[in-house]
2 protein chains.
Amino acid sequence: MAGLRERQKAKRNRAILEAASTLFKQNGYEAARIEAIAESAEVSVGTLYNYYAHKADLLLAIVSMEVEEVLHQGESVVAAPPGTAQDAICALIATYYDHSLVYLTKEMWRTAMAFSIQSADTKFSRRYHALDAALSEQVVALMERLQGEGLIDAAADARALGEVIFLALNGLFTIYTLSEDMSLDALKAAMFHKVAALTDLVAVPEEELREQAAR
Amino acid sequence: MAGLRERQKAKRNRAILEAASTLFKQNGYEAARIEAIAESAEVSVGTLYNYYAHKADLLLAIVSMEVEEVLHQGESVVAAPPGTAQDAICALIATYYDHSLVYLTKEMWRTAMAFSIQSADTKFSRRYHALDAALSEQVVALMERLQGEGLIDAAADARALGEVIFLALNGLFTIYTLSEDMSLDALKAAMFHKVAALTDLVAVPEEELREQAAR
DNA sequence: CTGTAAAAATGAATGGCCTCAACTTTTTTT
DNA sequence: AAAAAAAGTTGAGGCCATTCATTTTTACAG
């Protein structure tokens, strides 16, 4: 059993994150006053800053949780992808998109993205982009697996295509968070359309697959 | 000849933009104090805010100038594209990338991108994304022209591919601005590689082009 | 238990963007 | 050309994230 100091620390940390999460969702990131978060967590402002050096770090902790869960779910898709190249890629993307509003609102996502871009060379930016890179690698891993299974053209550059797909899904997600009106379905439709345009070019036609199977 | 009021206004506006541009480049956006910009432009802080409602609007004015010039140059490329699909797409992208540091530093770009994402539904965001959309349309226009000329597969979805290429070039540009170390050449190399992966899939091979010409 | 050091908590003070009520200059009207 | 209106300028002050010198709490040796 840990000492009193450690237990209190963990408890306070949980209280702070809980308070921040609630107030960010309720009032939005900007409108959530540090003083209000501290009060809700029953600590002083100074103490809060002992745990999180910047307001944005509270957000980063929440984003990390979100992306880590999604990476975990994505692994299942890569391990056992649906039948066709197009379905497999879309399934992975849907996993990402569907999870995206569990811990964060669109406004919180926008704020997180903005910080990750604005302040290069901060803990925030490095961590955020590491998470992005992990997602990109997962798409690449799926593309390579599909190529290994003969579902996409052996001559295609699976890595380059995977990276392009990630850049596109990421860019569209940004657009999605920018419009309160755009639905998750509209986002998926837009992205799936782009995936279809790409897979039309690289997917091995079913007849060829059957021929291969026959051999 | 315009009245005194108008002339003074134009003069003050120029002085403010000049001062902002200089101080942003010199010290970076964040470090440039509004008070210093006002002083350098020989107006009061209140007057500066009469011309630009937010510090960020000063930046937006500079970004607009940059993108409008690049769109203009891009038109020439679309009007008379180089010989192959790959060369044409890369030429357009190089036009964009090469111009990018004329008025802005990487830090200024990051700040502008961050604002455009964070504050949806502000004048800043709307204007920035309109410029982005115009660039995306220009890439689509090139792709459609290439398809019209028979340089890329008639069955391909030129619009979807153009949009994917734009999302990718935009995403890579973001990465470029995030690392002070990454050179323009490294950026171009990374993007050209991705373009090659795509054009390999859709470009009509030269032998076919010759056949078509023979007919 | 007591004394002492280390760790943590505290909240008043600071710095920088932006506002606004009062003032000045230019234009229009009489 | 005087008066009124319109347009523009001004800078002290408000707000809020963040800092830091001081106080309080915990750990632990004697």
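The structure presented is a predicted model; accordingly, all values stated were derived computationally and were not measured. Computation of the quantities below employed the complete heavy-atom set of this structure, encompassing side-chain atoms and omitting hydrogens, waters and symmetry-equivalent molecules. Reminder, nothing fancy here: chain letters follow the sequence lines and each chain counts from 1.
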Using the side-chain heavy atoms of [X], tell me which of these nucleotides is nearest: [options].
{"X": "S44(B)", "options": "dA9(C), dT19(C), dT9(D)", "answer": "dT9(D)"}
{"X": "I34(B)", "options": "dC17(C), dT19(D), dT10(D)", "answer": "dC17(C)"}
{"X": "Q8(B)", "options": "dT26(C), dT10(C), dG8(D)", "answer": "dT26(C)"}
{"X": "R33(B)", "options": "dT19(D), dC17(C), dT26(D)", "answer": "dC17(C)"}
{"X": "V43(B)", "options": "dT10(D), dC18(C), dT18(D)", "answer": "dT10(D)"}
{"X": "Y49(B)", "options": "dA17(D), dC17(C), dA9(C)", "answer": "dC17(C)"}

Find the distance [X]:[atom1] to [N]:[atom2] and express it as a whole number of Å.
{"X": "N50(A)", "N": "dT10(C)", "atom1": "CG", "atom2": "P", "value": "10 Å"}
{"X": "R7(A)", "N": "dT26(D)", "atom1": "CZ", "atom2": "C1'", "value": "12 Å"}
{"X": "K9(A)", "N": "dA6(C)", "atom1": "NZ", "atom2": "P", "value": "16 Å"}
{"X": "Y29(B)", "N": "dG16(C)", "atom1": "OH", "atom2": "P", "value": "14 Å"}
{"X": "E35(B)", "N": "dG15(C)", "atom1": "CD", "atom2": "P", "value": "12 Å"}
{"X": "L48(A)", "N": "dC20(D)", "atom1": "CG", "atom2": "P", "value": "17 Å"}
{"X": "E6(A)", "N": "dA7(C)", "atom1": "CD", "atom2": "C1'", "value": "12 Å"}
{"X": "F115(B)", "N": "dC17(C)", "atom1": "CZ", "atom2": "P", "value": "11 Å"}

A32(A) vs R12(B), nearer the 5' end of DNA chain D by closest nucleotide: R12(B)
Main-chain N/O of A36(B) paired with S40(B) side-chain donor or acceptor, under 3.5 Å: no
[Y] versus [X], side-chain donor and acceptor atoms under 3.5 Å:
{"X": "T122(A)", "Y": "S125(A)", "answer": "no"}
{"X": "Q118(A)", "Y": "E30(B)", "answer": "yes"}
{"X": "Y96(B)", "Y": "Q138(B)", "answer": "yes"}

Sub-4.0 Å heavy-atom contacts from residues 51-59 of chain A onto DNA chain D, ordered by number: H54(A), K55(A)
N/O (side chain, T47(A)) to phosphate O (OP1/OP2, dT10(C)) under 4.0 Å: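 Yes.
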Close side-chain approach of F166(B) to D132(B), heavy-atom, < 4.5 Å: yes
Min side-chain heavy-atom separation H129(B)-F124(B) under 4.5 Å: no
Ring centroid separation F173(A) to W109(A) under 6.0 Å: yes
